[in-house]
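A short write-up of the structure that comes next.
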Amino acid sequence: MAPVTRRTSFPKVVIERDSDSEQSSSDDDEQEQEEEILEDEENGVIENAKIEKLEVGFDANRKGKTPITLTLRKVCKVCKKPGHEAGHTTLNCPHRVTTEHGVVPAPRRKTSKPLEYVFERQLRHAIPAIKPKYVIPDQVNCAVIRYHSRRVTTLEFHPTKNNILLSGDKKGQLGVWDFEKVYEKVVYSNIHSCIVNNMRFNPTNDCMVYSASSDGTVSCTDLETGISSSPMNLNPDGWQGPNTWKMLYGMDINYERGVVLVADSFGFLHLVDMRSNHRNGDAVLIHKKGSKVTGIHCNPIQPDILLTCGNDHYARIWDMRRLEAGSSLCSLEHKRVVNSAYFSPISGNKILTTSQDNRLRIWDSIFGNMESPSREIVHSHDFNRHLTPFKAEWDPKDPSESLAVVGRYISENFNGTALHPIDFIDTSTGQLVAEVLDPNITTISPVNKLHPRDDILATGSSRSLFIWKPKEKCEPIEEKDERKIVVCDKAEKKRGKRKGDNSDESDDDGFISKLKKPKLKQTEWKLSRCSKKG
DNA sequence: AATCAATGTACCC
DNA sequence: TGGGTACCCTTGAT
């Protein structure tokens, strides 16, 4: 249904006259582009070009008027050119992530601010002059398929237990998975009633985890028992309609003050005291009234310095010691909604934001010129209401504070199969360092988290979770590959049992599924398979 | 194979 | 500022 109606409603109408005098230079450009694309199409390079020409029914000979050609074209939301669209299989978008493409370079300013000078002097020794070689976790090591009952919305690694991954979903479930033991997993269903947007471990008790949800509550859950309390509930009177229902999105912990900071869908910031587990102080308006605050991050060096971002197209820096409406230290303007904003993980001196205008923005120094970003990197991570918003995140282990990971919306056509890779981007240059993909991951992967200590990537893609490790740390490829994949769906489980696949390795919740044979030849894949540990 | 539902953002008035 | 609605175009279920 949708594709048919869309086709008639979507194309932009451009009227081109075949008269010499009326052609502007921009028309020229457009015509040139179009000719190029048509040529490509003849060569069979472009699969997705959708250009239609309609001769409008004017009589060309009558009164000597030139015929009008209407060109209906779909244009890419990223680069505004026809022939491909963000979100669709394409090979020819110049702004799909390619080396150095779509990077707006940093304007080299001489700011001469004393503060920046001092900071740079203090920090320079800590930042290595030669960039370390990036270690990319590019092989799926294990997975739980259909783990959650709805799509995964947030991930968090355990602060001390290296093998534990926490996951939240759209339904409000909270998953705890030991990905080394693969089969050891728990899903708590009674903590939230809808989307879990953010989770943070209690820094003084790593058994306890705080979670912020669109149900308007902050929950504090004991991971061993699953028992949870709600230190905050912004909808104590239940559903009174969409105008009053408050949702909680951004959340972080200021460990020095012992408070949880959480922000709602009406532009307000709230505090929860971790010792008493009760609300602390009044809510403060930190973004446009009535707009969603999508993220909060406390500076890793100075936790009183906050970074927030929201649907009002701004990211803002605040000082907790002077927190009141309108008192932000700095406002970073974006063209669209800002999905996330993070300080760099080590020095806390850089900022990385993800905006729905398909751009990553980097500010190289919070003490420098903040009027415009140091770089804008064009990258396909478009908004779609059915997907969890994409958030580019720093690699917490990269001493140069350059590497970031972000899922890609636009897909690559791998021999007829559309796959959406996960991108590793060097934010200092805009270079695509690596794209990782796997034949078993056919869905878009908007949620990604790099491990704070190990070379591990966790991915949430639809209802499934994947753990990636570097190729060299995986076992060599075997012909009869049986990967560590646990399928959690009940229907799948029954099917597996009927086939007699239920080996003694299986537990009550899942079984080992044989690796699906890729539809493509092995050579087509940049990444090969990783076998099960014996 | 076809259809449906769920549903966030932008923009108009 | 609030209501109305067009549009964004995925995924899993049936």
Side-chain angles (χ1 to χ4, degrees), chain A residues 1-13 48 50 74-78 80 84-90 93 145-153 169-173 193-195 197 213-215 239-250 264-267 285 287-295 309-314 334-340 354-358 380-391 407-411 417-421 440-447 459-466 487-492 494-495:
Chain A
M1 180 194 84
V4 181
T5 54
R6 193 175 132 222
R7 201 169 163 75
T8 52
S9 60
F10 192 83
K12 185 179 157 186
V13 178
N48 211 27
K50 282 176 181 148
K74 292 181 171 193
V75 293
C76 174
K77 279 182 289 190
V78 178
K80 308 296 178 200
H84 58 274
E85 290 171 81
H88 287 253
T89 302
T90 183
C93 174
I145 313 289
R146 274 158 282 180
Y147 183 44
H148 285 274
S149 51
R150 292 286 183 275
R151 65 170 203 250
V152 172
T153 51
D169 75 16
K170 194 172 160 289
K171 207 184 176 190
Q173 294 182 329
S193 58
C194 61
I195 312 180
N197 291 307
S213 162
S214 288
D215 65 12
W239 178 257
Q240 306 284 322
N243 295 338
T244 54
W245 185 261
K246 295 188 176 76
M247 299 181 271
L248 292 172
Y249 283 84
D264 68 21
S265 51
F266 285 78
L285 184 70
H287 280 268
K288 187 180 170 185
K289 201 171 185 181
S291 75
K292 188 197 292 176
V293 181
T294 52
C309 57
N311 274 26
D312 62 355
H313 301 189
Y314 282 95
H334 292 69
K335 289 202 180 73
R336 296 277 171 185
V337 169
V338 190
N339 290 343
S340 66
T354 308
S355 171
Q356 290 182 7
D357 66 354
N358 285 301
S380 169
H381 51 253
D382 208 8
F383 170 77
N384 174 341
R385 63 175 159 170
H386 309 290
L387 297 175
T388 306
F390 290 86
K391 295 176 174 183
R408 196 192 307 173
Y409 193 140
I410 208 164
S411 59
T417 308
L419 294 172
H420 310 263
N440 286 288
I441 309 177
T442 53
T443 48
I444 294 171
S445 308
V447 189
T459 290
S461 191
S462 189
R463 293 164 56 183
S464 304
L465 298 177
F466 298 87
V487 181
C488 304
D489 190 274
K490 278 178 187 166
E492 284 290 334
K494 277 180 198 162
R495 236 175 288 157

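The chains referred to below are lettered A, B, ... by the order of the sequence lines, with proteins before strands, and numbering in each begins at 1. Values reported hereafter were calculated over all heavy atoms of this structure, with side chains retained and with hydrogens, waters and symmetry mates removed.
Applying the side-chain hydrogen bond (donor to acceptor under 3.5 Å, both in side chains) rule to A/S291 yields no partners; only residues at least two apart in sequence or on another chain are considered.
Put simply, A/S462 has a side-chain N or O that comes within less than 4.0 Å of OP1 or OP2 on C/dG12. Put simply, A/R463 has no side-chain N or O that comes within less than 4.0 Å of OP1 or OP2 on C/dT11. Side-chain N/O atoms of A/K292 include one lying less than 4.0 angstrom from OP1 or OP2 on B/dT9.
As judged by a 4.0 angstrom heavy-atom cut-off over every strand, A/R151 is placed among residues making no nucleic acid contact. A/K171 comes within 4.0 angstrom of nothing in the nucleic acid, heavy atoms only.
Closest approach to the A/K170 side chain among B/dA6, C/dT10, C/dT11 is made by B/dA6 (side chain taken as heavy atoms from C-beta onward). Checking B/dA10, C/dT10, B/dT9 against every side-chain atom of A/N311, the shortest atom distance belongs to B/dT9. The A/F383 side chain lies nearest to B/dG8 when the options are B/dG8, C/dT11, C/dT10. Nearest to the side chain of A/V337, among B/dT9, B/dA6, C/dT10, sits B/dT9. Among the nucleotides B/dA10, C/dT11, C/dT10, the one closest to the side chain of A/H313 is B/dA10.
Two residues, A/R336 and A/H386, neighbour DNA chain B, and the one matched to the more 5' nucleotide by heavy-atom proximity is A/H386.
For DNA chain C, each stem of at least three Watson-Crick or G-U pairs (distances under 3.5 Å) is given as range with range: B:2-6 with C:10-14, B:8-13 with C:2-7.
If you take NE2 on A/H313 and OG on A/S355, they are separated by 7.5 Å, rounding to the nearest 0.5 Å. Here the CZ-CD distance, from A/R336 to A/Q356, works out to 8.5 Å after rounding to the nearest 0.5 Å.
Cation-pi geometry between A/K288 and A/Y314 is not met at under 6.0 angstrom from the ring centre and within 45 degrees of the axis.
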What's the verdict on side-chain contact (heavy atoms from CB on, under 4.5 Å) for A/T442 and A/L419, showing C-alpha distance, side-chain angles and the deciding distance?
CA-CA 5 Å; A/T442 53; A/L419 294 172; 4.2 Å; yes

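You'll find the side chain of A/I145 reaches within 4.5 Å of the side chain of A/F466, heavy atoms only.
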